[in-house]
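Along the sequence shown, residues are numbered consecutively beginning with 1.
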Amino acid sequence: MSKVAIIMGSKSDMPVMQDAIDILNGFDIEIEVDIVSAHRTPEKLFEFSKNAHKKDIKVIIAGAGGAAHLPGMVASMSPLPVIGVPVKSSNSIDGWDSVLSILQMPGGVPVATVALNGAKNAGILAAQILGSADQCVLDKIMVYKEGLKTKVIESAKNL
């Protein structure tokens, strides 16, 4: 079974990244969760990035705050798609430093970037990537999206 890796720069990112964990668990997608700091554990970052594809991981979600180098550094070394989650951390400049650090990647090193603290959307995007080659996952995404539509229709009725 294909896996999604969810990594973050520090334990303080976990409350945000939990949304990606929850959504992927809801789709019954296997996940691997770890803390990989671009600045404090660069050797671990290199090992993870260069070998993730050898562990049946198909997509990497990387959340980081502040300077937020984690998603880009992973993307520079891994052949897998990387989804960056900018995290508004305690040392952040309103989250803009994280957003721009992840969003403004140089040509040739793409990182799909979701909104500030947007780990839920990162999880959904990772599932959609897997769903492009896995009908079971695709079916779950279609049910999920139909559920979103139903919630809006019900909300409108209850105005």
Side-chain angles (χ1 to χ4, degrees), residues 1-92 95-106 108-134 136-138 140-142 144-145 148:
M1 171 173 252
S2 300
K3 287 189 276 189
V4 173
I6 300 171
I7 60 173
M8 60 204 84
S10 68
K11 186 177 178 183
S12 64
D13 298 330
M14 184 56 114
V16 170
M17 300 306 289
Q18 187 65 49
D19 288 342
I21 294 167
D22 293 344
I23 200 79
L24 289 167
N25 282 335
F27 289 133
D28 296 318
I29 294 172
E30 187 177 348
I31 59 172
E32 177 180 303
V33 181
D34 203 358
I35 296 171
V36 180
S37 172
H39 302 109
R40 294 174 293 244
T41 60
E43 295 86 0
K44 183 177 183 178
L45 167 74
F46 292 173
E47 190 280 325
F48 170 82
S49 301
K50 291 181 177 187
N51 296 302
H53 67 284
K54 297 174 186 174
K55 301 189 308 182
D56 205 30
I57 292 169
K58 300 298 182 199
V59 182
I60 299 168
I61 299 173
H69 291 112
L70 181 62
M73 289 300 298
V74 171
S76 75
M77 292 180 273
S78 178
L80 299 175
V82 176
I83 303 168
V85 179
V87 176
K88 185 177 179 184
S89 59
S90 60
N91 67 336
S92 184
W96 279 109
D97 47 350
S98 305
V99 170
L100 294 174
S101 293
I102 298 171
L103 184 67
Q104 291 298 110
M105 292 301 299
V109 188
V111 174
T113 309
V114 295
L116 184 64
N117 291 346
K120 181 177 182 178
N121 276 352
I124 294 167
L125 181 56
Q128 289 174 315
I129 292 168
L130 294 179
S132 69
D134 182 326
C136 182
V137 173
L138 185 63
K140 290 175 184 177
I141 292 165
M142 289 171 21
Y144 176 80
K145 293 215 172 209
L148 294 175

Check your understanding: Side chains of Ile31 and Asn25: does their closest heavy-atom pair fall under 4.5 Å?
Key -> yes

**Study point:** Heavy-atom pair of closest approach, residues Lys50 and His53
**Key:** O-CE1, 3.1 Å

Point to revise | Considering all heavy atoms, the nearest Pro86-Val114 contact | key: CD-O, 3.3 Å

Point to revise | Sub-4.5 Å side-chain heavy-atom contact between Lys88 and Val16 | key: no

Check your understanding: Does any non-hydrogen side-chain atom of Lys140 lie less than 4.5 Å from one of Ile29?
Key -> no

Review point. Between Asp134 and Leu130, is there a donor-acceptor pair closer than 3.5 Å when you use the side chain of the first and the backbone of the second?
Key: no

Exercise for review: Test side chain to side chain contact (heavy atoms under 4.5 Å, CB included) on Met17 and Val33 and set out the steps.
Suggested key: CA-CA 10 Å; Met17 300 306 289; Val33 181; over 6 Å; no

Check your understanding: What's the spacing between Thr113 OG1 and Ile102 CD1 if we round to 0.5 Å?
Key -> 6.0 Å

Review point. Can you name the closest pair of heavy atoms from Ala126 and Ile61 and give their distance?
Key: CB-CD1, 3.9 Å

Review point. For the atom pair CD1 (Ile7) and CD (Glu32), what is the distance rounded to the nearest 0.5 Å?
Key: 9.5 Å

Point to revise | Residue list, side-chain hydrogen bond (donor to acceptor under 3.5 Å, both in side chains) with Thr41, at least two apart or on another chain | key: none

Study note, to complete from the structure: Looking only at heavy atoms, the pair that brings Phe48 and Ile60 closest together is CE2-CD1, 3.8 Å

Review point. Can you name the closest pair of heavy atoms from Lys120 and Ile23 and give their distance?
Key: O-CG2, 3.8 Å

Point to revise | Minimum heavy-atom distance Gly66-Ser89, with the two atoms named | key: N-OG, 3.4 Å

Exercise for review: Please check if the side chain of Lys58 supplies one atom and the backbone of Ile129 the other of a donor-acceptor pair under 3.5 Å.
Suggested key: no

Review point. Could you state the interatomic distance from CD1 (Ile6) to CD1 (Ile83), rounded to the nearest 0.5 Å?
Key: 9.5 Å

Please tabulate, for side-chain N and O atoms in residues 69-79, each donor-acceptor pair with protein atoms closer than 3.5 Å (sequence neighbours left out).
{"residue": "His69", "atom": "ND1", "partner": "His39", "partner atom": "NE2", "Å": "2.7"}
{"residue": "Ser76", "atom": "OG", "partner": "Met73", "partner atom": "O", "Å": "2.7"}
{"residue": "Ser78", "atom": "OG", "partner": "Leu80", "partner atom": "N", "Å": "3.1"}

Review point. Would you find a donor on one side and an acceptor on the other, under 3.5 Å apart, between the side chain of Lys3 and the backbone of Lys55?
Key: yes

Practice item. Please round to the nearest 0.5 Å and tell me the distance separating atom CZ of Phe27 and atom CG of Leu138. Key: 10.5 Å

Exercise for review: Could you check if a side-chain atom of Met8 sits within less than 4.5 angstrom of a side-chain atom of Val85, using non-hydrogen atoms only?
Suggested key: no

Point to revise | Asn121 side chain vs Ala115 backbone, donor-acceptor pair below 3.5 Å | key: no

Exercise for review: Determine yes or no for a side-chain-to-main-chain donor-acceptor pair under 3.5 angstrom, with Ser98 supplying the side chain and Val87 the backbone.
Suggested key: yes

Practice item. Can you sort out the partners of Asp19 under side-chain hydrogen bond (donor to acceptor under 3.5 Å, both in side chains), two or more places apart, ordered by chain and number? Key: none

